[in-house]
Amino acid sequence: MSTRIAFLKGHGTENDFVIVPDPENAIDLTPAAVAALCDRRAGIGGDGLLHVVRSAAHPEATEMAAEAEWFMDYRNGDGSVAEMCGNGVRVFARYLQRAGHVTEGDLAVATRGGVKTVHIAKDGDVTVGMGRAVLPEGGVTVSVGERSWPARNVNMGNPHAVAFVDDLAHAGDLLSPPPFSPATAYPDGVNVEFVIDRGPGHVALRVHERGSGETRSCGTGACAVAVAAARRDGADPKVTGAPATYTVDVPGGTLVITERPDGEIEMTGPAVIVAEGEIDADWLETATSA
């Protein structure tokens, strides 16, 4: 490893990420290293980390290399591994564009949740094909303090519990994971979305992301919310034969989610690179050995 490591900082609707370009997968990003880099006071700060690796160079992505040159090795802010991050994919694509690896138009990105199709528009927005939602059977309940709500179990390559509430303040501070039951519903933890209505086809959410706490936005969460809202509203595209589109306000901005009759979901929103620089490898070694 060199004495200095390149990094960038970016965000999608204020869901922010440390970006570490590493095409040949040469940097050992341990959970402790990721947590140190994502620390908002002692590190660079971020909800998560985007490790940019060529698919052919990463053992978890080699089987996807024929479909997608680049693998988004995504980590939560606490250093744990996650399957997917919708806002992260948009920022990942923006980095690839900035670095000259891709141009406006279509590309494919490998993730632990499968290969995602991405479109970079001339106006700057990025659309991600998020795949199909899976709706596991069985009731789920989430709680905050003395309040409890039924939640819709939606899997977008990662697990979500979507609860419709009267007031977003009822979600509390979201510093710790909201309790859920039954415990068997989410053996590896869950992202919990609290949702209110703002008008026809228009909702707003707050979210606790597992491994990160409350974040300003969650792309897969916005998709899960749109799917849950469509089922609640009797607008299931598979039944109606028409696409269902929801505007989803998150604390950091707005995303537009469309579910097509074939089940495919598209998410459109901004992606911004705000800075780039170098990580001091000596600092990183010290930070991870403390």
Side-chain angles (χ1 to χ4, degrees), residues 2 4-27 29 33-34 37-38 40 43-58 60-61 64-65 67-77 79 81-130 157 209 212 215-220 252-253 255 266-279 284:
S2 64
R4 306 188 79 83
I5 304 163
F7 83 93
L8 298 91
K9 181 72 183 288
H11 76 91
T13 50
E14 298 183 11
N15 195 186
D16 63 334
F17 309 96
V18 179
I19 306 163
V20 179
D22 182 23
E24 303 310 317
N25 197 28
I27 302 172
L29 283 173
V34 172
L37 290 168
C38 291
R40 296 193 179 279
I44 296 167
D47 293 321
L49 183 144
L50 306 175
H51 185 206
V52 184
V53 186
R54 282 197 167 85
S55 298
H58 198 289
E60 293 184 67
M64 294 180 277
E67 297 179 70
E69 180 181 1
W70 295 97
F71 173 55
M72 184 180 77
D73 175 17
Y74 181 68
R75 317 291 183 87
N76 294 314
V81 170
E83 301 93 339
M84 241 294 287
C85 176
N87 289 316
V89 174
R90 296 202 317 278
V91 175
F92 189 93
R94 177 69 74 230
Y95 162 74
L96 293 178
Q97 182 188 32
R98 179 189 178 100
H101 298 305
V102 302
T103 59
E104 292 173 358
D106 298 328
L107 69 144
V109 175
T111 77
R112 291 185 179 86
V115 175
K116 305 302 177 183
T117 57
V118 179
H119 180 79
I120 302 174
K122 290 183 179 180
D123 66 5
D125 276 352
V126 180
T127 297
V128 180
M130 300 291 286
E209 289 196 62
S212 297
T215 60
R216 300 284 295 168
S217 180
C218 177
T220 55
L255 297 167
E266 293 182 339
M267 173 186 64
T268 299
V272 181
I273 303 296
V274 299
E276 61 181 314
E278 293 181 324
I279 302 161
L284 188 59

Specify the closest pair of heavy atoms between Val115 and Ala108, including all atoms of both residues, with the distance to one decimal. CG1-CB, 3.9 Å
Residues forming a ring-ring contact (aromatic ring centres under 6.0 Å, His included) with Tyr95, sequence neighbours excluded: none
Under a 4.5 Å cut-off applied to non-hydrogen side-chain atoms, are Leu255 and Asn87 in contact? yes
Shortest non-hydrogen contact between Ala93 and Val102, atoms and distance: O-CG2, 4.2 Å
Nearest heavy-atom pair of Arg90 and Val128: which atoms, and what distance? CG-CG2, 3.5 Å
Flag the pair Asn15 / Cys85 as yes when at least one side-chain heavy-atom distance between them is below 4.5 Å, and no otherwise. yes
Taking the side chain as every heavy atom from C-beta outward, state whether Ile279 and Ile44 have any pair of such atoms under 4.5 Å apart. yes
Using a 4.5 Å cut-off on heavy atoms from C-beta on, say whether the side chain of Glu276 contacts that of Ile19. no
Check for a donor-acceptor pair, side chain of Asp22 on one end and backbone N or O of Ile27 on the other, with a separation under 3.5 Å. yes
Could you check Arg216, His11, Lys9 and say which one makes a side chain to side chain donor-acceptor pair (under 3.5 Å) with Asp16? Lys9
Hey, are the side chains of Arg54 and Glu24 touching, using non-hydrogen atoms and a 4.5 Å cut-off? yes
NE2/His119 to CD/Glu104 distance, rounded to the nearest 0.5 angstrom? 8.0 Å
Evaluation steps, side-chain contact (heavy atoms from CB on, under 4.5 Å), between Arg40 and Asp47: CA-CA 9 Å; Arg40 296 193 179 279; Asp47 293 321; 2.9 Å; yes
So CD1 of Ile120 and CG of Asp125: to nearest 0.5 Å the spacing works out to 11.5 Å
Shortest non-hydrogen contact between Ala68 and Ala110, atoms and distance: CB-N, 3.5 Å
Gly77 and Cys38 have their tightest heavy-atom pair at O-CB, 3.6 Å
Heavy-atom side-chain contact between Met84 and Lys116 under 4.5 Å: yes
Under 30°, 30 to 60°, or over 60°: which ring-plane class applies to Tyr74 and Phe17, parallel, tilted or perpendicular? perpendicular
List the atom of Asn76, the atom of Val34, and the distance in Å for their closest heavy-atom pair. O-CG1, 3.5 Å
List the steps and the verdict of side-chain contact (heavy atoms from CB on, under 4.5 Å) for Thr117 and Asp106. CA-CA 7 Å; Thr117 57; Asp106 298 328; over 6 Å; no
A side-chain contact here means heavy atoms from C-beta on lying under 4.5 Å apart; do Leu8 and Arg98 qualify? yes
Check whether any side-chain heavy atom of Arg94 lies under 4.5 Å from a side-chain heavy atom of Pro270, and answer yes or no. no
With distance as the sole test, does Arg112 use its side chain to make a donor-acceptor pair with the main-chain N or O of Val81 at under 3.5 Å? no
